[in-house]
Amino acid sequence: MSPRPVVTRFAPSPTGFLHIGGARTALFNQLYARHTGGRFLLRVEDTDRERSTEAAVAAIFEGLSWLGVTPDAEPVFQHARADRHREAVMELLAAGRAYRCYLTVAELETMREAARAEGRAIRSPWRDRTPNEPDAPHVIRFKGPLEGETVLNDLVKGEIRFRNIELDDLVLLRSDGAPTYNLAVVVDDHDMGVTHIIRGDDHVNNAARQTLIYQAFGWEVPAMGHIPLIHGPDGAKLSKRHGAQAVGEFADMGYLPEAMRNYLTRLGWGHGDDEIFTDAQASAWFDVTDVVKSPARLDWQKLGFINAHYLKEADNDRLAALVTRVLTARGETVPAEVVGRLSALIGLLKEGAKTTLDIADSLAFVLKTRPLALDERTQGLLTPETRQRLARLQDQIAATPFEREALEAMIRAFAGTEGVGIGKFGPALRGILSGGGVAPDLATLLLSLGREESLARLNDALLREA
RNA sequence: GGGCCCUUCGUCUAUCGGUUAGGACACCAGAUUUUCAUUCUGGGAAGAGGAGUUCGACUCUCCUAGGGCCUACCA
């Protein structure tokens, strides 16, 4: 084993938003670096200038920082290192480990078809040919071995063998002089001192080719671990129809970053029976070799369960800010009187919520303004008898301290004095105070509204025409 | 077509040759209850199929089936 301190990296290509699978890859890299006391780096793979956008770079950075995955050094932009990449290719060329290939796109196409039909990898005739016109348009290809095999000791999958003949001579430098991904990753990972490459499963085939390139340079091959992709609930590749792909969407859906970290870490990795754990525990326990080999499906139910847990633990002021944002985005105005009590209200109401959106929903009855329109069910409950009973209850409410225990005791006692069950007036009171719809239990309802508002709403209802 | 990878309850996972195959989410039932929710208790639920190795396989090997990734002058 290498005595070098561990260096991991996350290397997204900025062609879109930060995918949830990529986010998990980044998380695993950070976790592993922390676990080993190493460093976690970030590199933007923007060698393809056509497809890379600044908006995507921003989206990725934003997604990562929201998730709480932050590199231990300034991010490296691969594009800026093109000169170094070219220099490296020239090195390979000089060493006879690469060659100029003058195949045209059309020729390549025909060869590819033929190769595919025969089930073999494509090989350029220019491997061993000297060009008549060296300056004609060409690419530079890696000169891979034709014999032997390349063995990958994958950290998560175990030993994987490739026959070198199956690996084609990939392009290192394009005809316009731009380096390609497979060359750039190797050079950059080497230059950045990366010791452990933890990346998506979709790179295993590249891993073999890259290993060959490392060897051609005479560099130490880093340890590699290929983690499976995240699938949608139906097992298919995660896509729009599954609800969300980008981490930003999860944020908008009311999930907390710490909940996402916990859920994502647990997806495809486990530590005994532990389901909920802190970041410190995660980095203490996490090891790439424990990552599960098979792809995992995104389970909204479990994510909701985890998020609910962190919502309960979260600071109410923080939640208030989050919920306010949700409300504002919905175009709802929060009365000045409520703003000051928002975090207290959230403390009262966040109990069963799975997302901050749920909390915002649960606030609906508080946000209503008097006089409230009563739903049909509540109206039906307001018989003369119930009205009289509620009038008597009004006095009790006015005389009871607004504390949970006192309120609960008062309600029970009132039912006793009246000689009826709570069911005889509870639903009506609930309807009057909330205006119908989803609402918490009576004591919480009263507490949320406060004495003044509760009494006023009750009064409004009792004064209404029968 | 070729190469490579994957396969334990519906889902995420534990097990690292010997377990009544454990836990969590979800689900079902019951309890509590002023709706929904919460909470509590209980319950059903799994080793893809077939060979082999072994005293003994979920665990090791092979085959089959199913799924996935790659097969670019994309990353």
Side-chain angles (χ1 to χ4, degrees), chain A residues 11-15 45-48 50-52 78 101 103 105 108-109 112-113 115-122 137-141 152 154 156-158 160-163 165-168 170-182 184-185 199-209 226 228-229 231 233 235-237 263 266-276 292-306 308 351-354 358 362 377-378 411 415 421-431 434 436-445:
Chain A
S13 65
T15 52
E45 311 251 301
D46 52 356
T47 49
D48 186 340
E50 297 285 303
R51 306 203 313 158
S52 303
Q78 194 159 64
C101 170
L103 247 27
V105 178
L108 219 39
E109 189 54 38
R112 211 171 347 253
E113 273 174 39
R116 192 185 177 109
E118 291 173 43
R120 57 172 174 78
I122 179 172
H138 66 279
V139 298
I140 296 180
R141 285 181 185 276
L152 219 69
D154 196 276
V156 349
K157 309 227 182 230
I160 305 176
R161 290 172 175 275
F162 293 88
R163 284 192 303 281
I165 192 69
E166 304 283 355
L167 274 17
D168 56 11
L170 36 80
V171 172
L172 266 19
L173 214 57
R174 294 184 255 237
S175 51
D176 65 355
T180 60
Y181 162 78
N182 277 296
V185 238
R199 88 242 278 198
D201 210 327
D202 49 337
H203 285 285
V204 280
N205 289 277
N206 287 331
R209 300 170 219 261
H226 291 90
L229 274 15
H231 287 172
K237 193 171 174 176
Y263 177 72
R266 186 68 181 79
L267 194 61
W269 173 83
H271 181 265
D273 288 341
D274 297 299
E275 298 290 343
I276 303 245
V292 171
K293 296 174 189 206
S294 51
R297 303 181 186 199
L298 180 68
D299 182 356
W300 291 101
Q301 250 99 292
K302 189 149 185 181
L303 209 211
F305 168 80
I306 302 272
E351 186 58 24
K354 287 186 163 32
D358 288 347
S362 71
R377 179 163 179 269
T378 306
I411 291 165
I422 295 174
K424 282 292 183 188
F425 61 90
L429 178 61
R430 172 200 299 285
S434 69
V438 183
D441 62 274
L442 289 178
T444 306
L445 199 48

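Chain identifiers are assigned alphabetically (A, B, ...) following the order of the sequence lines, protein sequences preceding nucleic acid strands; residue numbering begins at 1 within each chain.
- Atom NE2 of A:H226 and atom C1' of B:C70 are 11 Å apart (whole Å).
- Checking side-chain atoms of A:R266 against main-chain N and O of A:D274 turns up a donor-acceptor pair under 3.5 Å.
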Stepwise salt bridge (Lys or Arg N to Asp or Glu O under 4.0 Å) test for A:D168 and A:R209: CA-CA 8 Å; A:D168 56 11; A:R209 300 170 219 261; 2.4 Å; yes

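- When the side-chain nitrogen and oxygen atoms of A:R112 are compared with OP1 and OP2 of B:A72, one or more of them lie within a distance under 4.0 Å.
- One interatomic measurement links the two molecules: CG of A:N205 to P of B:C4, which rounds to 9 Å at whole-angstrom precision.
- More than 12 non-hydrogen atoms from other residues, nucleotides or ligands lie less than 6.0 angstrom from CD of A:E118.
- Of the possible donor and acceptor atoms, one in the side chain of A:Y263 sits under 3.5 Å from a partner among the backbone N and O of A:D299.
- A:T47 contributes no side-chain N or O that, together with a main-chain N or O of A:P179, makes up a donor-acceptor pair within less than 3.5 Å.
- Spacing of P atoms, B:C25 relative to B:U20, comes out at 26 Å, to the nearest Å.
- Using a distance-only test at 3.5 Å, with no hydrogens or angles considered, no donor-acceptor pair links the side chain of A:R116 to the main chain of A:G119.
- With both ends at atom P, the span from B:A51 to B:A57 equals 13 Å, rounded to whole Å.
- Taking atom C1' on both B:C28 and B:C9, the two are 15 Å apart, rounded to the nearest angstrom.
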What string of B, S and - do you get for nucleotides 62-68 of chain B, 5' to 3', if B is base contact, S is sugar-phosphate-only contact and - is no contact with any protein heavy atom under 4.0 Å? -------

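- Per the geometry, CG belonging to A:L442 stands 14 Å off C1' belonging to B:A37, to the nearest Å.
- Look at the C1' atom in both B:G23 and B:C60: the space between them is 27 Å, to the nearest Å.
- For the P atoms, the distance from B:G43 to B:U35 is 27 Å, rounded to whole Å.
- If you check B:U38, B:C73, B:C6 against the side chain of A:V139, the one that comes closest is B:C73.
- Under the rule for a side chain to side chain donor-acceptor pair (under 3.5 Å), A:N205 has no partner lying at least two apart in sequence or in another chain.
- Residue contacts shown for A:P228 are absent, as no nucleic acid heavy atom lies under 4.0 Å away.
- Here the C1' atom of nucleotide B:G3 and the CG atom of A:L170 are 15 Å apart, to the nearest Å.
- Across all strands, A:H271 comes closer than 4.0 Å to no nucleic acid atom at all (heavy-atom distances).
- Closest to the side chain of A:H203, out of B:A75, B:G2, B:C73, is B:A75.
- One can place CZ of A:R377 at 13 Å from P of B:U34, the figure rounded to the nearest angstrom.
- Taking each heavy atom of A:W300 and A:L298 in turn, the nearest pair found is CZ2-CD2, 3.7 Å.
- Among the protein residues, A:A439 comes within range of the nucleic acid bases, having at least one heavy atom under 4.0 Å from a base atom.
- Among the atoms of the strands shown, none is found under 4.0 Å from any heavy atom of A:S362.
- Side chain A:R116 to base B:G2: no donor-acceptor pair is found below 3.5 Å.
- Without hydrogens or angle criteria, A:D358 side chain to A:G352 main chain gives no donor-acceptor distance under 3.5 Å.
- Set against B:C5, B:A75, B:U34, the side chain of A:I422 has B:U34 as its closest nucleotide.
- Side-chain atoms of A:R266 lie closest to B:C12 of the nucleotides B:C4, B:C12, B:C6.
- Comparing B:U34, B:G3, B:C6 by their nearest atom to the side chain of A:D441 picks out B:U34.
- Between A:W269 atom CH2 and B:U15 atom P the separation is 12 Å, expressed in whole Å.
- Using a 4.0 Å heavy-atom cutoff across all strands shown, A:D154 reaches no nucleic acid atom at all.
- Comparing B:U13, B:C4, B:A75 by their nearest atom to the side chain of A:R163 picks out B:C4.
- Taking CG from A:L267 and NZ from A:K302, the interatomic distance works out to 9.0 Å, rounded to the nearest 0.5 Å.
- Within the shown strands, nothing qualifies as a pairing partner of B:U8 under the Watson-Crick or G-U definition with both distances less than 3.5 Å.
- Applying the 3.5 Å distance criterion, the base of B:U11 shares no donor-acceptor pair with the side chain of A:R297.
- Sequence order on RNA chain B of the closest nucleotides to A:S294 and A:A353 puts A:S294 first from the 5' end.
- Side-chain proximity of A:L108 to B:A14, B:C73, B:G3: nearest is B:C73.
- Using N1 to N3 plus N6-O4 or O6-N4 for Watson-Crick, or N1-O2 and O6-N3 for G-U wobble, each under 3.5 Å, B:G30 pairs with B:C40.
- The partner of B:U59 is absent, by the rule that a Watson-Crick or G-U pair needs both atom distances under 3.5 Å.
- Here A:G268 lies in heavy-atom contact (under 4.0 Å) with sugar-phosphate atoms only.
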I'd like a list of close polar pairs between nucleotides 24-31 of chain B and the protein, N/O only, cut-off under 3.5 Å.
| unit_1 | atom_1 | unit_2 | atom_2 | d |
| --- | --- | --- | --- | --- |
| B:A24 | N3 | A:K302 | NZ | 3.4 |
| B:C25 | O2' | A:K302 | N | 3.2 |

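- Residue-level contact check: A:V171 touches the backbone only, with heavy atoms under 4.0 Å from sugar-phosphate atoms and none from bases.
- Between B:C12 and B:U8, the two C1' atoms lie 12 Å apart (nearest whole Å).
- A:I160 comes within contact range of the sugar-phosphate backbone alone, with a heavy-atom separation under 4.0 Å but no base atom that close.
- A:D202 has its CG atom 16 Å from the C1' atom of B:G3, to the nearest Å.
- The nucleotide B:C69 finds its pairing partner in B:G3, both defining distances of the Watson-Crick or G-U wobble pair being shorter than 3.5 Å.
- Atom CG in A:L167 sits about 12 Å away from atom P in B:U71, given to the nearest Å.
- Among the heavy atoms of the strands, none lies under 4.0 Å from A:Y263.
- Contact annotation: A:R141 reaches the phosphate of B:C73 (side-chain N/O to OP1 or OP2, under 4.0 Å).
- Residue A:T180 places no side-chain atom within donor-acceptor reach of the base of B:C73, judged by atom type and a 3.5 Å distance cut-off alone.
- Here, B:G42 and B:U32 have their C1' atoms 15 Å apart, quoted to the whole Å.
- Residue A:V185 is out of contact with every strand shown, counting any heavy-atom pair closer than 4.0 Å.
- In terms of position along RNA chain B, the nucleotide closest to A:K157 lies nearer the 5' end than the nucleotide closest to the other residue of the pair A:K157 and A:I411.
- Remark: the backbone N or O of A:H226 is not paired with any side-chain donor or acceptor of A:D201 at under 3.5 angstrom.
- Rounded to a whole angstrom, the distance from the P atom of B:C55 to that of B:G66 is 35 Å.
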